[in-house]
Asker: 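Provided herewith is a single structure, encoded as structure tokens, for subsequent inquiry.
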Amino acid sequence: MVYDVILPAAGSGKRMGAGKNKLFLELKEKPILIHTLEVFEKDEWCRGIYLAVKDSEREFIQNLLKHYHITKVKAMPTGGAERQYSVQSCMKAIGNGDIVLVHDAARPFILEPTIHKLVEAAQQKGAAIAGVRAKDTMKRVEEGIIQETVDRSTLWMIQTPQAFRFELLQYAENHAEQDGFLGTDESMLVEREGEFVYMVESSYENVKITTKEDLVFGEAILNQRIGG
Ligand SMILES: Nc1ccn([C@@H]2O[C@H](COP(=O)(O)OP(=O)(O)OP(=O)(O)O)[C@@H](O)[C@H]2O)c(=O)n1
Ligand SMILES: C[C@](O)(CO)[C@H](O)COP(=O)(O)O
């Protein structure tokens, strides 16, 4: 099996509040971005990596790639003001293909078996995304007041990777662009076309490094995986 992966890396890291792109922060003395890239560099199914970057960070990232011997990056298009636009600029850079994965550069702990399950599911069914079952009691709240307790048994917390047949995602993105529709993930764009998107159960370790607490969690995951 073969796939191309899009890694949106052009965010600002506002919620991290580090004063720079959070992907350059280090876990175990290695930038978060490199931890993520290494997963795909090592995966034999991965043909090419497409990294959406800010123009002002391109040179710095190029130097990181050289330093850490990352060889599979095929293009680094300029990201957009929203994550969805960053992904779109990578789709344009790929042009055409079979299976494409979208994965937040800020999720460095994704495991290869999950990636492979997603690729196989997308190949067979068109679209598949990673997620985990909701663990807490879930309530819908408006203006600080509980409206209802939602049945947790059908709720999943959605992550990336999200895997698609290339043409399906391309069509859904173009249509969303025409309609001015902005989603928080790619699945939303495909869902609104009436297509089935399948769930692949992932791991609670596949966190998106978003706030300072996630760095502590991230170090703990790495300590457990590689010792330290
Ligand atoms: N315009 C954007 C926004 C986000 N991203 C990327 O999308 C992923 C998930 O986004 P998020 O965690 O929200 O990252 P930031 O936008 O950096 O964080 P914040 O929302 O706190 O500013 C990250 O790898 C981020 O770099 C991107 O490529 N382009
Ligand atoms: C795509 C995503 O990682 C799924 O959880 C998430 O939606 C990214 O969203 P954010 O709003 O940028 O944190």
Side-chain angles (χ1 to χ4, degrees), residues 5-27 31-40 49-58 60-61 64 70 73 75-94 100-110 114-115 118 127-135 138 155-164 169 172-173 176-177 181-192 197-215 217-218:
V5 66
I6 291 173
L7 300 178
S12 319
K14 281 194 214 92
R15 287 170 285 182
M16 181 61 72
K20 61 176 173 182
N21 189 337
K22 64 187 177 185
L23 300 175
F24 303 149
L25 298 176
E26 296 191 348
L27 290 173
I32 291 167
L33 177 62
I34 298 299
H35 282 285
T36 309
L37 282 163
E38 282 181 348
V39 175
F40 296 97
I49 301 171
Y50 295 78
L51 199 57
V53 302
K54 285 189 174 153
D55 286 334
S56 58
E57 295 173 349
R58 179 171 283 107
F60 181 73
I61 292 176
L64 283 181
I70 303 293
V73 175
M76 291 204 294
T78 304
E82 302 289 345
R83 184 186 165 285
Q84 182 176 314
Y85 305 145
S86 296
V87 172
Q88 250 179 303
S89 66
C90 288
M91 286 292 282
K92 285 184 185 135
I94 300 176
V100 63
L101 249 71
V102 180
H103 183 62
D104 294 325
R107 290 188 191 268
F109 306 118
I110 183 62
T114 309
I115 296 172
L118 286 157
I129 65 174
V132 286
R133 292 168 198 275
K135 288 197 277 193
M138 307 296 286
L155 294 183
W156 290 67
M157 298 187 294
I158 300 308
Q159 308 172 338
T160 63
Q162 303 197 346
F164 307 93
L169 181 59
E173 275 188 346
E177 188 177 14
F181 177 85
L182 200 57
T184 53
D185 69 355
E186 282 56 53
S187 179
M188 283 174 75
L189 313 186
V190 172
E191 290 159 41
R192 70 190 281 277
V197 178
Y198 291 84
M199 274 308 312
V200 167
E201 190 153 16
S202 173
S203 155
Y204 291 101
E205 287 188 1
N206 183 26
V207 288
K208 183 157 69 65
I209 304 287
T210 306
T211 56
K212 289 216 156 56
E213 305 75 48
D214 297 325
L215 296 173
F217 189 55

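What you see is a predicted model; the values in this text were computed from it and never measured. What's counted below: heavy atoms across the whole structure, side chains too, no hydrogens, waters or symmetry copies. All ligand and atom numbering here is 1-based and tracks the order in the structure.
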Asker: If you count the atoms of ligand 1 from 1 in the order shown, which ones are under 4.0 Å from a heavy atom of A81?
Answerer: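 In order of number, 1 (N).
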Asker: If you measure every N or O of G11 against every N or O of ligand 1, does any of those distances drop under 3.5 Å?
Answerer: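 Such a contact does occur with ligand 1.
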Asker: Using a heavy-atom cut-off of under 4.0 Å, does the side chain or the backbone of N21 touch ligand 1, or both, or neither?
Answerer: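 No part of N21 is near ligand 1 at this cut-off.
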Asker: Are any of the N or O atoms of A52 closer than 3.5 Å to those of ligand 1?
Answerer: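 It does not: no N or O of A52 is found under 3.5 Å from an N or O of ligand 1.
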Asker: Go through ligand 1 atom by atom and flag the ones less than 4.0 Å from a non-hydrogen atom of S86.
Answerer: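 This gives 1 (N), 2 (C), 27 (C), 28 (O), 29 (N) as the contact atoms.
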Asker: So for G79, does at least one of its heavy atoms come nearer than 4.0 angstrom to any atom of ligand 1?
Answerer: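 No.
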Asker: Among R83, K14, H103, R15, which one puts a heavy atom closest to atom 13 (O) of ligand 1?
Answerer: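 It is R15 that holds the nearest heavy atom.
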Asker: Write down the atom of A105, the atom of T36, and the distance for their closest heavy-atom approach.
Answerer: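 That closest heavy-atom pairing would be O-OG1, 2.7 Å.
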Asker: List every atom of ligand 1 that sits less than 4.0 Å from any heavy atom of A106, numbering the atoms from 1 in the order shown and giving each element.
Answerer: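 So the answer, numbered in order with elements, is 24 (O).
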Asker: Minimum heavy-atom separation for T160 to D104, with atom names?
Answerer: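 Closest heavy-atom pair between T160 and D104: OG1-N, 3.0 Å.
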Asker: Between E186 and L169, is a side-chain contact (heavy atoms from CB on, under 4.5 Å) present by the stated rule, with each step listed?
Answerer: CA-CA 8 Å; E186 282 56 53; L169 181 59; 3.9 Å; yes
Asker: Could you tell me whether E82 approaches ligand 1 through its side chain, its backbone, both or neither, with non-hydrogen atoms closer than 4.0 Å?
Answerer: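 Backbone only.
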Asker: Can you sort out which atoms of ligand 1 are near K208, meaning under 4.0 Å from one of its heavy atoms?
Answerer: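 Within the 4.0 Å cut-off of K208, ligand 1 contributes 9 (C), 11 (P), 12 (O), 13 (O).
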Asker: Quick one: does A9 get within less than 4.0 Å of ligand 1, heavy atoms only?
Answerer: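 A heavy atom of A9 does come that close to ligand 1.
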Asker: Give me the residue, atom name and distance of the protein heavy atom closest to atom 1 (N) of ligand 1.
Answerer: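 The closest heavy atom on the protein side is G80 O, 2.9 Å.
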Asker: Could you tell me which atoms of ligand 1, counted from 1 in the order shown, lie closer than 4.0 angstrom to a heavy atom of A105?
Answerer: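 Per the distance check, 24 (O).
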Asker: Which protein N or O atoms sit under 3.5 Å from any N or O of ligand 2? Give each pair with its distance.
Answerer:
residue, atom, partner, partner atom, Å
ligand 2, 3 (O), D104, OD2, 2.5
ligand 2, 3 (O), R107, NH2, 2.9
ligand 2, 5 (O), R107, NH2, 3.2
ligand 2, 5 (O), I158, O, 2.6
ligand 2, 7 (O), T184, O, 2.8
ligand 2, 13 (O), R15, NH2, 3.0
ligand 2, 13 (O), K208, NZ, 2.6

Asker: Which ligand 1 atoms, with their elements, are less than 4.0 angstrom from a heavy-atom of K22?
Answerer: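 Taking each heavy atom of K22 in turn, ligand 1 has 11 (P), 12 (O), 14 (O), 15 (P), 17 (O), 18 (O) under 4.0 Å.
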Asker: Give me the atom names and distance for the closest heavy-atom approach of S86 to G79.
Answerer: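 Closest approach of S86 to G79, heavy atoms only: OG-CA, 3.4 Å.
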Asker: Can you confirm, on distance only, whether ligand 1 has an N/O atom lying under 3.5 Å from any N/O atom belonging to L23?
Answerer: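 It does not: no N or O of L23 is found under 3.5 Å from an N or O of ligand 1.
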Asker: Going by salt bridge (charged side-chain N to carboxylate O under 4.0 Å, His left out), name the pairs with one or both residues in residues 205-214, residues two or more places apart or in two chains.
Answerer: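 Qualifying pairs, neighbours excluded: E205-R225.
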Asker: List the atom of K22, the atom of T210, and the distance in Å for their closest heavy-atom pair.
Answerer: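 K22 and T210 have their closest heavy atoms at NZ-CA, 3.8 Å.
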